[in-house]
Amino acid sequence: HLYRLPVREEKMVKTQVTIGPAAKKPLKLEIPLMITGMSYGGALSKKARIALARAATAAGTAVNTGEGAFIPEERESATRYIYQYHRGRWPHGNKREFYSLADMIEIQLGQGAQASTPQTTPAQKIDEELREIFGLKEGEDAVIAARLPEVESKKDLKNLVFRLKEETGGVPVAYKFAATHYLEKEMEIALSAGVDVIVVDGAEAGTHAGQPLLEDDFGLPTMHALVRAADYLEAKGVKEKVSLVAGGGLFTPGHFLKAMALGADAVYLGTVAVMAMIHTQMAKTAPMEPPTQLALYSGKLKEELDVELAAKSLTNFLRSCVAEMVLGAVALGKEDLRAINREDLCALTPYAATVTGVAPAYRERMPHHPQATAGEEKAGAEKSLQ
């Protein structure tokens, strides 16, 4: 209130963020919320992908292609376009003519809900349009491999990063991986390869086709991973040069703001973006089907999705989230969302304080024993301090 005065007006708070500031062509966003990779064919329908792109454009942010096919209509709808350089082994994957159109490239070696495991879409579940876009033959499966074929060493990654920067004229190149206990070692390899952005996917990350073991028992929680990643960049002295993006289980403006306070430059939205996109059309699926049938590639009602309404609904959600985050910044007396840090947080439990390095909200006190004399309490306190 008076110890730290609130910002006078909401419009004074800056929401812009630059991803990959050291790149020749940094990715500049109006808001620090981005749409994460959810691929066409592997996850979402074509209509859903176009709606995501339109909403991202309207809100001033970027949309990520995910491990899927390049859709010209999606690129035309997106002013800020992130191409995911993925592990898909189909003829029309990772072609220069596709990723050269991107505003950022994300090398994806894993994700929170599936680690770095293979995935196959059977031929019988691939329609004619998707087969043509993927470049698959009749009866051929769409396979995502466990490894990126040309990257099996530190040197391979460095060569790929260099090549992608050369071929795109210097857009930011990101390294995305599922957070594990070897997080710092993974980041060391990525930094030595010259990446501009680190993308950490926590264990809470969603998927429509992951195995229960990988979803439930693998990976570090997003909070743990984010703190360790931010600390590592700080220790290496590159926090202002290499951007940090966090994803996995982030749903509310409070989640987003806390993630930024813990060190993220921006956050990825996945599941919540899909739900926000379709929430005004859920009645179309009732009472027999779940709402996701409107958005998934395999959804029974995917053709029923109203793209314009879906884009508007997600745009409203993104704008609403940022408006709330701005109010939080006003209350904190910060004129830039990026200025919010760990000093603006307090931990309600010893566990949270230990994990994050944030000051506890409580003050530890000596137990009070009503039957003890004042002299006995004083002696006990002095002994405990020794």
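The first residue of the sequence shown is numbered 1, and numbering continues consecutively from there.
For the ring-ring contact (aromatic ring centres under 6.0 Å, His included) condition, no pair includes a residue of residues 258-286, sequence neighbours left out. Listed by first and then second residue, the side-chain hydrogen bond (donor to acceptor under 3.5 Å, both in side chains) pairs involving residues 229-238 are D231-R342 (not counting sequence neighbours). Legend: ring-ring contact (aromatic ring centres under 6.0 Å, His included) pairs involving residues 134-173, not counting sequence neighbours, sorted by first then second residue: W90-F134. Applying the ring-ring contact (aromatic ring centres under 6.0 Å, His included) definition to pairs two or more places apart or across chains, those involving residues 56-79 are F70-F98.
In the model, N64 has a side-chain atom that pairs as donor or acceptor with a side-chain atom of E106 under 3.5 Å. In summary, the side chains of Q84 and E67 do not present any donor paired with an acceptor at a separation below 3.5 Å, with no hydrogens or angles considered. Side-chain N/O atoms of T285 and Q293 include no donor and acceptor closer than 3.5 Å. Counting only N and O atoms by type, the side chains of T168 and S100 include no donor and acceptor under 3.5 Å apart. There is no side-chain donor-acceptor pair under 3.5 Å between S313 and N316.
Between L262 atom CG and L226 atom CG the span is 5.5 Å, to the nearest 0.5 Å. A distance of 10.5 Å separates CZ of R319 from CG of L314, quoted to the nearest 0.5 Å. The NZ atom of K176 sits 5.5 Å away from the CD atom of Q108 when rounded to the nearest 0.5 Å. Note that the CG atom of L136 and the CD atom of E138 stand 10.5 Å from one another [nearest 0.5 Å]. Note that CE of M34 and CD1 of I31 are 10.0 Å apart. Values are rounded to the nearest 0.5 Å. Between Q111 atom CD and H86 atom NE2 the span is 12.5 Å, to the nearest 0.5 Å.
Checked by atom type and distance alone, the side chain of T36 never pairs as donor or acceptor with a backbone atom of L269 at under 3.5 Å. No side-chain donor-acceptor contact under 3.5 Å links R87 to the backbone of I144. Without hydrogens or angle criteria, N159 side chain to D156 main chain gives no donor-acceptor distance under 3.5 Å. In this structure, R54 contributes its side chain and S77 its backbone to no donor-acceptor pair below 3.5 Å. Panel note: side chain S45, backbone A48; a donor-acceptor pair is recorded below 3.5 Å.
The salt bridge (charged side-chain N to carboxylate O under 4.0 Å, His left out) search around K241 returns none, not counting sequence neighbours. Applying the side chain to side chain donor-acceptor pair (under 3.5 Å) rule to Y40 yields no partners; only residues at least two apart in sequence or on another chain are considered. Residues meeting the salt bridge (charged side-chain N to carboxylate O under 4.0 Å, His left out) test with R75, sequence neighbours left out: D103. By the salt bridge (charged side-chain N to carboxylate O under 4.0 Å, His left out) test, R365 pairs with no residue at all, sequence neighbours left out. Looking at residues two or more places apart in sequence or on another chain, you find a side chain to side chain donor-acceptor pair (under 3.5 Å) between K300 and E289. For A352, the side-chain contact (heavy atoms from CB on, under 4.5 Å) test picks out A347, T349, with sequence neighbours left out.
A ring-centre distance under 6.0 Å is not found for Y81 and Y83.
Applying the side chain to side chain contact (heavy atoms under 4.5 Å, CB included) test between L44 and each of L52, L305, T292 identifies L52 as the sole match.
Under the 4.0 Å criterion applied to side-chain N and carboxylate O atoms, K239 and D265 are assigned as salt-bridge partners. With salt bridges taken as basic N to acidic carboxylate O contacts below 4.0 Å, one links E167 and R163. Ion pairing between E152 and R147 holds under the 4.0 Å rule for side-chain N and carboxylate O. Classification of E73 and R49 as a salt-bridged pair fails, no side-chain N sitting under 4.0 Å from a carboxylate O.
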Margin query: Working note: D196 + K25, criterion salt bridge (Lys or Arg N to Asp or Glu O under 4.0 Å); need CA distance, chi angles, decisive distance, verdict.
Written below: CA-CA 11 Å; D196 304 293; K25 298 178 181 179; over 6 Å; no
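Shown here for I278 and A295, the closest heavy-atom pair between the two residues is CG2-CB, 4.3 Å. Of all the heavy atoms in A311 and A55, the pair that sits closest is O-CB, 3.5 Å. A205 approaches A113 most closely through the heavy-atom pair O-CB, 3.2 Å. Closest heavy-atom contact between V171 and A102: CG1-O, 3.5 Å. Minimum heavy-atom separation, L301 to L294: O-CD2, 3.5 Å.
Clustering of Ile, Leu, Val, Met, Phe, Trp and Tyr by side-chain heavy atoms under 4.5 Å joins I50 with V307.
Criterion: ILVMFWY side-chain heavy atoms under 4.5 Å apart, direct or through other members. Under it, I189 and V195 are part of a common hydrophobic cluster.
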Identify each donor-acceptor pair in which a side-chain atom of residues 244-258 lies under 3.5 Å from a protein atom, sequence neighbours left out, and give them as a table.
from : atom 1 : to   : atom 2 : distance (Å)
T252 : OG1    : G254 : N      : 3.4
T252 : OG1    : H255 : N      : 3.1
H255 : ND1    : F251 : N      : 2.9
H255 : ND1    : T252 : N      : 3.4

